[in-house]
Amino acid sequence: MMTMIMALILGASAPVTLAADAPVNRAEQVRVRLSMAGYDFANPDDVARFDRRTRDALEHLCGTASSADLAGQNDVTQCRDAASALIRNQRDIRIAAVTAARPALARR
């Protein structure tokens, strides 16, 4: 079974760095760096753009499996679920921060 290693770097413009050990048919460890810089998380279009980049990054990180390889499909699903949970958590923190800051700015 695949072993998942993930590291998260926090900060205003820090990227999310994820790593997975040889998912499915890969012999090497794969690392993906997904930057959160340059996105306005108060803007739904930017959130959607970030989500699209996230899906692409997860496919690169976790790979794919043949429809005949059920164990491989399970590994890919577990990899994507674990990695997307980390990314979604960071994305939601950013959205909450800009949402909380918006009323404060409006009062000024």
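Heavy atoms only: backbone and side chains are in, while hydrogens, waters and symmetry mates are out.
- The minimum heavy-atom distance between Gly72 and Ala65, with the atom names listed, is C-CB, 3.4 Å.
- Here the shortest heavy-atom pairing between Cys62 and Val76 reads O-CG2, 3.6 Å.
- For the side-chain contact (heavy atoms from CB on, under 4.5 Å) test, residues two or more places apart in sequence or in another chain that qualify with Asn43 are Asp40, Asp45, Asp46.
- Annotation for Gln73 and Ser66: closest pair NE2-O, 3.0 Å, computed over non-hydrogen atoms.
- Contact detail for Ser35 and Ala37: the closest heavy-atom pair is OG-N, 3.1 Å.
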message = For a side-chain contact (heavy atoms from CB on, under 4.5 Å) check, start with the C-alpha distance between Arg94 and Val47, then their side-chain angles and the critical distance, and finish with the verdict.
response = CA-CA 10 Å; Arg94 300 285 168 95; Val47 173; over 6 Å; no

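- To the nearest 0.5 Å, the span separating CD1 on Ile95 from OH on Tyr39 amounts to 12.5 Å.
- Evaluation of the side-chain contact (heavy atoms from CB on, under 4.5 Å) rule for Ala71 yields Asp69 as partners, not counting sequence neighbours.
- The side chain to side chain contact (heavy atoms under 4.5 Å, CB included) with Val32 is formed by just one residue from the set Asp56, Ile87, Leu58, Leu61; it is Leu61.
- Across all non-hydrogen atoms, the minimal contact from Phe41 to Met36 is CE1-O, 3.7 Å.
- Linking ILVMFWY residues whenever their side-chain heavy atoms come closer than 4.5 Å, directly or via other members, leaves Ile93 and Leu86 in distinct clusters.
- Applying the side chain to side chain donor-acceptor pair (under 3.5 Å) criterion to Arg55, with sequence neighbours excluded, gives no partner residue.
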